[in-house]
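Below is one structure, written out as C-alpha cells, with a few remarks after it.
Along the sequence shown, residues carry numbers from 1.
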Amino acid sequence: MPSIISSPVIRPARSGKPALPPGPKSNSPLGHLVEVRRDILGFLTRVAAEFGDVAYFRIGHLRIVLLSHPDYVKEVLLTNNRNFVKGRPLKLAKWLLGEGLLTSEGDFHARQSRIVQPSLHSQRLHTYGSVMTDYAVRLSDRWQAGITVDIAHEMARMATAIAGKTMFNWDVDSEVAAGIDNALNDAMALFSRVTIPFAEWLLLLPLPSTFRFYRAKAHFDSTIYRLIKERRATRHDHGDLLSMLLVAQDAEGDGTGMTDRQVRDEALTLFLTALDTVSVALTWTWYLVSQHEDVEARLHAELEQVLGGTPPTVDDLARLPYTRMVVSEALRLFPPNYAIAREALEAFSVGGYAVPAGTLILMSPYVIQRDARFFRDPSRFDPERWNPELAEKPQKFAYFPFGGGPRGCIGQSYAVQEATLVVATLAQRWRMRLAPGHPVGFRPLINLRPSHGMRMVLERRPRPCDREEES
C-alpha cells in the first residue's frame with residue numbers, strides 16, 4: 001500500500017507577484033499520466049510530502065493543483081465555493097447520473113437540494129433504520145461458519161437491497177441484486193478513464209467497454225422510469241424516498257416539483273452513491289477490525305453489554321459510541337471518496353501561489369487524514385481518537401470523508417447510520433478473518449474499492465444466551 005505522509009511543511013506566502021506552485025517535473029506530453037494511473041494514492045502522497053500543501057502537476061493538457069492543508073480545503077469547499085465547479089470525475093459522471101445533486105451546479109443545484117433534503121431528514125432516517133438492520137440480519141442468517149466469502153461482494157449485495165427498499169420500497173432478491181451489481185461495475189468502469197485526456201470522446205467510440213456502459217445505463221433507466229410511471233399512476237405513498245421526491249416542491253422558490261427526468265436523476269444518484277459508498281466503507285471497516293484484535297474485543301464487549309444479542313435499532317445508536325467510533329476511524333484511513341475535484345472558474349491565490357482559471361483542484365481526504373500534523377500516529381487504527389470525551393479534536397476539514405460546505409454529501413447521515421447499524425448487527429454473531437494469502441490493494445475508481453475484493457473466513461461468535469446455557 002502507499003506510504004503514509006510524514007509531515008509536509010506549509011509554505012509561507014511570498015512577497016510580490018505570486019508564482020505558480022512547485023511540483024514534480026515531466027518532459028512527457030502526457031505529464032504524469034502513467035504514474036497517476038499506476039498508483040494515484042501513492043503519487044498524491046509523495047507529491048504532498050515533497051512539495052508541500054500547494055503542489056502543481058500535469059496530466060496531458062490538464063493543469064492540476066493538489067491542496068493538502070485543511071485551511072486551503074476550507075477555502076475551496078466553503079469560504080470561496082462559488083469560484084469552483086465540479087471537477088472532471090463528476091463531469092464524466094453526468095453521462096450516467098444526469099443533473100442529480102452530485103453533478104449539477106449553481107441555482108439548479110440549490111433548488112434540487114432544497115427539494116431533496118427533506119427526504120433525508122432525521123425523522124425519515126429513523127424509519128429507514130429498521131430496514132437497515134433487517135437486511136443485515138438476513139445476511140447474517142444466510143452465512144455459515146467456516147466458509148470464505150468476498151466481503152466486498154457481500155456488502156455490495158446487502159447495501160443494494162437496503163437502498164432498494166429505503167428508496168424505492170423495492171424488495172431486491174439475490175438475482176436482481178446481482179444484475180444491479182454487474183451494471184454498477186460496468187458503469188463504474190467509466191471512471192478508470194478519468195485520468196485519460198479527452199476521455200469523454202471514448203464514449204462515442206464503438207468500444208466493448210462503451211457498449212457495457214450504455215447497457216448499464218439502460219438497465220438503470222428502464223427500472224427507475226418504470227417505478228416513476230407506476231407511482232405517478234397510483235399516487236400511493238410507500239414511505240420511501242421515491243414517494244418523497246415525487247410530491248416534493250420547492251417551497252422557497254417557484255413552488256413547483258420535479259419532472260420525471262429530474263426525479264430519475266436524483267433517485268439514481270442517491271441510490272448508486274448510497275450503495276457504493278456504504279458497501280466500500282463497510283468492506284474496509286471489516287478489514288481493519290480483523291487486523292486489530294484489541295479493537296475487535298472492545299467492539300464485541302460494547303455490543304454484548306448494550307444489545308445482549310438483540311438486533312440494534314436507531315434508538316440504540318446513542319448507546320453504541322465505540323461502534324460509531326470504529327466506523328469514523330475506518331472512514332479516516334480508507335475514505336471511500338479518496339479525492340475531491342473542483343475546477344477554478346477564476347484565477348485565485350492560495351498559500352502565496354497563483355492558480356490560473358480552469359485549473360483542476362484536487363483535495364485528498366486520503367492524504368490529509370493520514371497527515372501527522374493533524375492526527376497523532378496517523379497510520380494507527382485507533383477508534384479511541386474519536387472519543388467525544390477527549391479534548392483533542394481534529395481541525396476543521398482535516399477530516400472530510402464526505403466533502404463539506406454547501407456541496408457536501410447530502411447522504412452522509414444515511415451512510416453513517418447504515419454502516420453503524422450493520423456493524424452492530426453482524427459483529428454480534430461473526431468474526432471475520434482475512435483469507436490466508438489474500439492480497440489487499442486499492443482500485444480507486446470514483447470510490448476507493450479493494451483491487452481484489454476482500455476474501456474473508458467467517459467465524460461464528462457464541463451469543464450471550466449460548467454462554468449462559470454453557471455455564
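Counting only heavy atoms from C-beta outward, the side chains of R342 and R407 approach each other to under 4.5 Å. The side-chain heavy atoms of F220 and R264, taken from C-beta on, include no pair separated by under 4.5 Å. Between D371 and P378 the shortest side-chain heavy-atom distance does not fall below 4.5 Å. When side chains are defined from C-beta on, Q417 counts as touching L421, because their heavy atoms get closer than 4.5 Å. Side-chain contact between D39 and L41: present, with at least one pair of heavy atoms (C-beta onward) separated by less than 4.5 Å.
Comment: R157 does not engage D150 in a salt bridge, judged by the lack of any side-chain N to carboxylate O separation of less than 4.0 angstrom. Between D382 and R332 there is no salt bridge, since no side-chain nitrogen of the basic residue lies less than 4.0 Å from a carboxylate oxygen of the acidic one. Here R298 pairs with E384 in a salt bridge; the nearest charged N to carboxylate O distance falls below 4.0 Å. Remark: D265 engages R261 in a salt bridge, criterion side-chain N to carboxylate O under 4.0 Å. D260 has a carboxylate O that lies under 4.0 Å from a charged side-chain N of R232, or vice versa, which qualifies the two as a salt bridge. Contact check on E293 versus R431 returns no salt bridge, with no Lys/Arg side-chain nitrogen under 4.0 Å from an Asp/Glu carboxylate oxygen.
Ring planes of H32 and F43: tilted class, angle from 30 to 60°. Ring planes of W430 and W143: perpendicular class, angle over 60° (limits at 30 and 60°).
For the 3.5 Å distance criterion, the side chains of S243 and R231 qualify, holding a donor opposite an acceptor. With 3.5 Å as the limit, one finds a donor-acceptor pair spanning the side chains of Y414 and T166. Inspection of the E296 and S290 side chains reveals no N or O donor paired with an N or O acceptor under 3.5 Å.
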If you apply the rule side-chain contact (heavy atoms from CB on, under 4.5 Å), what do you find for Q262 with E99, and how did you get there? CA-CA 7 Å; Q262 290 166 351; E99 292 289 343; over 6 Å; no
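For the pair R138 and Y135, the distance from NZ or CZ to the six-membered ring centre is under 6.0 Å and the angle to the ring normal is within 45 degrees.
Taking the six-membered ring for Trp and the full ring otherwise, F168 and F271 have centroids separated by under 6.0 Å. F442 and F334 have their aromatic ring centers within a separation under 6.0 angstrom. W284 and F381 have their aromatic ring centers separated by at least 6.0 angstrom.
Shown here are the salt bridge (charged side-chain N to carboxylate O under 4.0 Å, His left out) partners of E154, two or more places apart in sequence or in another chain: there are none. Residues satisfying the side-chain hydrogen bond (donor to acceptor under 3.5 Å, both in side chains) test with R385, not counting sequence neighbours, are E329.
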